[in-house]
Amino acid sequence: MPQFFPRTANSIIRLALLAAVVAIATIAWLGALFVRSPYEMGQQTPRNQPVPFSHQHHVGGLGIDCRYCHTTVEKSSFANIPPTHTCMNCHSEMWAVAPVLKTVRQSYRTGKSIDWLRVHDLPDFVYFNHAIHVHKGIGCETCHGRVDRMPLTWQANSLTMNWCLNCHRHPEDFVRPREHVFDMDYTPPRDQKELGAKLVREYRIQRLTSCSTCHR
Amino acid sequence: MSPNLLYAIALEFDSPSALVKATKSVRERGFTKYEVYSPYPVKQLDEIVPGTDPVPLMVLSAGVLGAVTALVMEYYIAVYEYPINVGGRPLNSWPSFIPITFELTVLFAAIAAFIGMLCLAGLPLLHHPVFNLPEFARASSDRFFLMIEERDPMMEIVEEREWLNKLGALSVSEVESR
Amino acid sequence: MSFEDEQRMSRRPPEPGTSVAVIAPHETFRSVTDQITSVVLTRRTPLFWWATFGAALVGIGFFVVSTCWLFYKGIAVLGNQIPVAWGYPITNFVWWIGIGHAGTLISAILLLLNQSWRNSINRFAEAMTIFAVACAGMFPVFHLGRAWILYWILPYPNTMHVQPQFRSPLVWDVFAVSTYATVSVLFWYLGMIPDLASLRDRSKSKLAYGFYGVLCLGWRGASRHWRWHESASLLLAGLATPLVLSVHTVVSFDFTIAILPGWHSTIFPPYFVAGAIYSGFAMVLILAIPLRAVYGLQNLVTERHLNNCAKLMLATGLILAYTYLFEPFNAWYSGDPYEMAVVNNRAFGPEAWTFWTTILCNVIIPQSLWFRWVRVNPKPLFFVSCVVLYGMWMERFMLIITSLSRDFLPSSWANFVASFWDNALLLGSIGVFVLFFMLFVRFLPMISIFEVRELLPHSSPTGGSEK
Amino acid sequence: MKSQSQSGFVPIEQLIAAPRPRHWQTVEQYEALARGGSEEYCEAEDTPLDEVSRRRFLQLAAASFAFAGITGCTRQPPESILPYVTEPENVVPGRPKYYATAIPVGPMAQGVIVESHLGRPTKVEGNPAHPASLGASSVHSQASVLDLYDPDRATVITSLGQQRSWEEFRLALTNLLGPVQTRGGGGLHILTGSVASPTLGAQLQAVLKSLPNAKWHQYDAAGPHGARGGANLAFGRPVNTMYRFDQASVILSLDADFLVTGEPSTRYAHDFAARRVRGNRLDMNRLYVVESTMTATGGKADQRLPLQYSEVEQFTRTLGETVGVPNVTAASNARYSEWLGAVAKDLAAHRGSSIVIPGAHQSPAVHALAHAINAQLGNIGNTVVYTDPLEQEPTDEVASIGELAQALRENQVELLLILGANPAYDAPADLGFPEILSRAKTSVLVSLHSNETAEWMTWQIPESHPLESWGDARAYDGTVSIVQPLIETLYESRSPIEILDAVLNPPGRSGYDIVRAYWQGKSGRNDFEAWWRKSVCNGVIENSALPLITPALATNWAAKLPNVPQQQGIEIVFRPDPYMYDGRFANNTWLQELPQPMTKLTWDNAVYLSSATAKRLGIAAQHRVELSLRGRTVEGSVWILPGQPDDTVSVHLGWGRTRSGRAGNGAGFNAYRLRTSDAMWTAPDLQIRLVGGTFPLATTQLVQSMEGRALMISDTVDRYRSDPDFVKKMTKDPPDGLSLYPKWNYTGHAWGMSIDLTKCVNCNACVVACQAENNIPVVGKDQVLNRRAMHWIRIDTYYEGDIANPRGMYQPVPCMQCEDAPCELVCPVQATNHSVDGLNDMVYNRCVGTRFCSNNCPYKVRRFNFTLYEDWVTESIKLQRNPDVTVRSRGVMEKCTYCVQRIREAEIYAQVDDKGLPDGTIQTACQQACPTQAIIFGDINQPDSHVRKLKEEKLDYELLGELNTRPRTTYLAELRNPHAETEQA
């Protein structure tokens, strides 16, 4: 069969080979991007809660301290989600009949817990402890973002292991004076490097990257 | 047929010796643009047919590249990316890094040899004028071809063309450049 | 070629360096090409092929069922336990990878050594290598507790900053085996390109022409191409030679790096390489003997080939025997009580049968290869090869279980008991191998045509081969 | 007999259907609950359960992720948080709370402190303030929490198969009691175990007072029958005998396994070990053991004499005569007379500081003689002390159950009330149980499980577990603990005292009111409230221990001694199982899979034979044999027990249950079938017949010899005295600089452990404690047979010396936390590596399961999840899990990490609460449970730490140190104190 292949076959086969290579590379690259994407990490997406609770209003607007609701944040690994009772402290008086708070009142009446949706959710094999981080001068905002500007709360950071390690390796870039831990609008000073270094010494912050620091 | 449609004059032989002899004389005659086709590598042609062999250099450089890549990767990962105490061994336990270095050296070099050869030969190339010649099918079995390409300046001289017929080929045919 | 001719040739003393005994005298470029290409293109598929192919499919059945069950239920379906945490899968892995080695040895080392006789067996030997490595590669995956995160063994930029641990021989293994597989495939394919061209030019149907036309990348056989082709082949051979040695060395590291008595030994690398080649040649013969009979290739794969392979088996077998002898000496000389205990346990412990089977299959029976009659007669040679192949599996099995089942603390001693699925998986992998090989025989040139051409007397202008 | 596996558990409908548990944390809340202001509490307390199921749900989800690969490329499923509605005061979510209570086993209880996570009791620890615990805990205390969550518990009140309500039952009860009362209680029979609980006892006495014709029977199948008989024989009155091992220089055990079996063993082991290492180990006590089967105590003995059960009595008489007990004579036996002489001399040499302790199950004669010998040796008041009996009504229990059987046979029983007992299973075989139970007109069973007896009853009431009900209990010395619940009853269950209260003063009060009211009256204090709170909070009632008494030997007691039994043929000996006790723990998978001390058997009991006897009978291990005794037969599997006396078959009671639940059913064989009321603990003329075939027994240690390797170093105290460095000479540690690489040095904490082999008595409490703390799954018999048991710490038990009478060697082996760990080196994915403080971390979520680390571990302490062993289905089991430890999935390696979760928590809160980390703040689970404090954990970089001091001792050595793994866990070689003279004898 003389000259079975047309002249175009040359370009076709070469393009095909090239395309294969490019395709594989692209897929790998896109995959890598995807697993790091805010979407995949569940970042920046406000969660719909049974009660449309607004940190923006309560923290930003009314200026309620984090610890008013998250009572155990300084004492325990778990920062605590406020019991219905805490809501009713105020809402038995104000907005006492607002339809938006129906669920809360119902919960208070029936004693059934409000079913909040978890926003910051680490895998079960990760053991994070709020108390120690707060104690060492890591601000709420450092991990949770400007909650005071969130009408509905979302996850501000990726919470990947990389992200954790970044701070565990360079605490001096993130640590702040203890008195500012609960400030939402704290802006690190220009000399954060020096201040950080100083606080790291003062608070005896260790650079803990052992596996058992978080995985047990 | 009009000459611009011509790709080359094909001389067909049935033995390597005839081919070698013909190629020698073609070369001595002063032809420059010719190519020889054989069903297996004929050693003697290497001296006759001009051309260099850059494959070894490619392989060497790729091998070096592989070695460096491996060492850098292992050192970076073990010492910088996540320095961690494994069984009380130092971070840079270089003796343990040797095997992978070797393997990557070989891997890179081998791939270079393969791809290098294809690139040099301009393969893959499915369509080529020589395939226009029906007899060429036997070039991969028991026939030997000497092709003097049309673009060879000597081809414009009619005598030279006729001279080719006297080289004792089984057949002399024209290969179209379709 | 007639039976008488065969007798004559077998009686003729072999003349090393000459190709006369390698290929029957009256063969021509044409005849050679015809014979080999016709297997693929024109001849009708022999019953033998269908039978073997069917058998292979049964094996595949085993393979599929057992792998599914394995992944569904976990490693628990195998015999593995603590202390014997490695059982069949690793044995099979080492066994298969070892088998592969003969192929590379023939195609690479013998090429460098100018052993031109290898030209007519290297192609299917290389194919054997590739399929064997493929089978080998599966087992480390099967034996993982969580195979679905296998890729954690590879270095890649991840969101955890955690990477492979390069002190672990298992990581070396991953690199060694994948490199080995890649290089083997490249070498195999590179060598096949000109032959694919032959197939292309001789195929009658459009489909076949297109298929082989694309596969051979439009090979024309131009002298420059041949030059680069040859130098690439030689370089690949030069690379494959240390590679093949390194691969089984690294495999042996899986054991020697461990501190286990009976594993932690410096003689393992040479020992393993020798064993690998030993089993590899056994497999080559097991494949070659039926093929040449079925496809009437006796004049291409001649008794000289059988003879040489057998001799190589004998040689590597003797190296192995030496290491078997040396192990007890090593233990005794080290004065390490645990080493001595293991050696003693291997020979006389509860799992001694594995040891003695190994000795019988790898040392005693192969001694028959001293007799030329055994070496050049297909039937006995085939038998010996099978024995050796089994023996080599048993050896790896013995090395693994006897050391693990009785190491340092008697409190943790326990013997290994294989489960049904262990055997099913091994059988399955054999099925996979045969299936691949049968497809190769059917659709690709099982003998390197252009290299055989080089063996023909008139292949060189000055007459008579220069090799 | 098929084998069970916990992973076989499936969710139980009743469990789902059962009313929502009502949790609460503190007494105050409980009272609020009781006051009826309950709603907020009980409802608010819903959250813990949801919290739990939420956490577990994720773990379940994790399984499915596993297949997708737990990496960046898996999204977590949406997860919800359910906060309280009103938060109980002093609850800090994320930090556990601890409550004191007590776990009764038989008549005696052990004081414990229970860890509770948001209302879920998860872990039981000893109560340092409690005399029977001193901070340590028995296997039963440790395992009790699993019993609480046992998915096979009885969950609803039933009558003849119909589910009934509590109200219906009370109605029925009043109707039944009506006629009974008219007859002054005639026809009312109450069967209980031995009752030591003051409240329950008082209730029973009250019942008998108000209904004089009613009958109260007590029967504890594994109780100390011989001891009661012996006391009556010797003193003419019941007494409670206590031993002070911390003051005893020479101890002679007459068939007593006092270090491991029975409730006081925790305290006894503690005292024994403390005394054993006195004076820098040079002033060592000496333990002689004469016994009729190989026990952990026997293995620990400095000198041991295997004798048949009947010979022990002979031996005791001779000893009595030798030490000069008046009017005791005996024919001496050449076989041991010399040995006995030497022992007697040694005892006499230690007047007042020696102990002769008879086994609880030995014959009354032996007990009586022992009392006399102790008196003769002047031990009474010093090392042996007496109090009034713990039981409210000490009775001859065998006779007592006999009377009940009698009454049943004669159809005199109108109403039979069984509280916690299980006669259908464990009553003497000659009394005609269980069939005769059907002769009771009405019968009511109160029990944890719907057990063998249940199927003969007209009513069955689920019994509340001690961890979910109020009560009180006595320790071995009489000290009373208030039993307080950690969790609202999981099911429709009642405690015995609540039942009796319903009988006494209908409609009955809550357990809390009953107990409180009783003690209000009993204590008669005006500051009762404070006293009550203190008592409940501390877990012990101050000076409630029974006063010491000094009973006098009855005149001519010796004359009343029965004749020495003549042993004929093969003798069978019944023993309570160290773990199953009388069978009540049969469905506890932790105890089922807990290796027996000397044989390492799990999931089965066995027919123990000496190798000589076995050879003679042509029987080998795991052969199935039929034991027949007076026409009664059982089939069992044989195990060859080194040190077992010849012609003696010993069997453990408490196995072969048929209605214990999925784990216990069919495990082992039921030895009660051979046991008759006249031969409760031994019988002659046992017939053994091979029935052909074998039945596999699952042991976790196949080889029990050290193969001549210096793994467990043990020598005499004299050797140590003469050559203090002998251990260092025996072990060759490789010189520094042997390695190609430099040493890795650890600044800051460097955690380490020291295990004192002299102190380990092989009680296996550490093993259960570890299992409870670290969510270690149970794998089931088939997997144990496949060598896949999961225990992170094991006690290697070796035998040394003559197989007829060997020494036992006990070596606890957890992960050694090697500094140059071979396992880490070979892990391809860094799933195991070192933390800054030198722990050998195991990162489950990184493990891909190559199992290379296990191969390369010379100690073989790594365990692999060959398949999904964790139970991710059974709701109730999930409640037990420790939330601080990852629940491992299939295909990952796991191992001991020195309870790293405890270390990290302690480190964190030490900083948060700005308090330091003094030595001893962090205890590993095994250390905490260990009765003898054989395991000590701490910081070896801290100059004055306990562990450091121990490691500096001359007896300190590394296991397999020559491999240069540089383990952080090291051992103190065992010292023994054999008596030169008896050695010769």
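On a predicted model such as this, the values are computed, not experimentally measured, just so you know. Protein chains get the first letters and strands the later ones, always in sequence-line order, with residue 1 at the start of each.
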Is it true that C:R227 and B:D53 make a salt bridge, defined as a side-chain N closer than 4.0 Å to a carboxylate O? no

Distance col, row C:H225:NE2 vs B:L125:CG, nearest 0.5 angstrom, shows 8.5 Å

Is there a side-chain contact between B:F114 and C:Y189 in this structure, where contact means two heavy atoms from C-beta onward sitting under 4.5 Å apart? yes

Counting heavy-atom pairs under 4.5 Å with chain B, which one of C:G218, C:S168, C:G238 comes out on top? C:G218

If you count heavy-atom pairs under 4.5 Å with chain B, which of C:A240, C:S231, C:A197 comes out on top? C:S231

Contact origin within B:P99 toward chain C - heavy atom pairs under 4.5 Å: side chain

Per-residue contact mode, B:S141 against chain C (heavy atom under 4.5 angstrom): both

Heavy-atom pair of closest approach, residues C:L217 and B:L126: C-CD2, 3.9 Å

Atom group of B:R143 that falls short of 4.5 Å from chain C, counting heavy atoms: neither

With a 4.5 Å heavy-atom cut-off, do B:Y82 and C:M160 have their side chains touching? no

Using 4.0 Å as the upper bound for N to carboxylate O, is an ion pair formed by B:E74 and C:R167? no

Value rounded to 0.5 Å, distance of CG in C:L245 from CZ in B:F102: 8.0 Å

Given heavy-atom pairs under 4.5 angstrom as the criterion, report whether the side chain, backbone, both or neither of C:S198 touches chain B. both

Given the options C:L190, C:D34, C:V183, which has more heavy-atom pairs under 4.5 Å with chain B than any of the others? C:L190

Part of C:I193 lying under 4.5 Å from any heavy atom of chain B: side chain

Taking every non-hydrogen atom, the tightest pair across C:R220 and B:F136: O-CZ, 3.5 Å

B:E81 and C:V162, any side-chain heavy atoms less than 4.5 Å apart: no

Between B:V59 and C:L239 the two heavy atoms that sit nearest each other are CG1-CD1, 4.2 Å

Selection from B:I100, B:I84, B:L19 maximising heavy-atom pairs under 4.5 Å formed with chain C: B:I100

Are C:S223 and B:V42 side-chain neighbours, meaning at least one heavy-atom pair lies under 4.5 Å? no

Given a strict heavy-atom distance threshold of 4.5 Å, which part of B:V130 is in contact with chain C: side chain, backbone, both, or neither? side chain

Pairs of heavy atoms under 4.5 Å with chain C: top-ranked of B:A109, B:A139, B:A112: B:A109

How long is the straight-line distance from CZ of C:F175 back to OG1 of B:T101, given to the nearest 0.5 Å? 9.5 Å

What is the distance from atom CZ of C:R202 to atom OG of B:S140, rounded to the nearest 0.5 Å? 7.0 Å

Most contact-rich option vs chain C, by heavy-atom pairs under 4.5 angstrom, among B:T105, B:V106, B:I111, is B:V106

Who wins among C:W228, C:Y180, C:F253, C:F450 for the most heavy-atom pairs under 4.5 Å with chain B? C:W228

Of the backbone (N, CA, C, O) and the side chain (C-beta and beyond), which part of C:T33 lies under 4.5 Å from a heavy atom of chain B, both, or neither? side chain

Measure the shortest side-chain to side-chain distance between B:M117 and C:E230 over non-hydrogen atoms and say whether it is less than 4.5 angstrom. no

Toward chain C, the part of B:V36 with a non-hydrogen atom under 4.5 Å: both

Is any side-chain heavy atom of C:T28 less than 4.5 Å from a side-chain heavy atom of B:D142? no

Quick check, are the ring centers of B:Y40 and C:F29 under 6.0 angstrom apart? yes

Heavy-atom pairs under 4.5 Å with chain C are the metric here; pick the option from B:V86, B:L118, B:L45 that has the most. B:V86

Non-hydrogen atoms of chain C under 4.5 Å away: do they reach the side chain of B:Y76, the backbone, both or neither? neither

Which atoms of C:P242 approach chain B - backbone, side chain, both or neither, heavy atom under 4.5 Å: both

Do B:S38 and C:W226 touch side chain to side chain, with heavy atoms closer than 4.5 Å? yes

Chain C: which of B:P39, B:G87, B:A70 shares the most heavy-atom pairs with it under 4.5 Å? B:P39

Counting only non-hydrogen atoms closer than 4.5 Å, does B:T23 touch chain C with its backbone (N, CA, C, O), its side chain (CB onward), both, or neither? neither

Indicate yes or no: at least one non-hydrogen side-chain atom of B:L107 is less than 4.5 angstrom from one of C:L243. no

Counting heavy-atom pairs under 4.5 angstrom with chain C, the leader among B:A121, B:A113, B:G122 is B:A121

Quick check on C:V174 against chain B: is it the side chain, the backbone, both or neither that has a heavy atom closer than 4.5 Å? neither

As an exercise, state the distance from NE2 of C:H161 to CD1 of B:I77, rounded to the nearest 0.5 Å. 11.5 Å

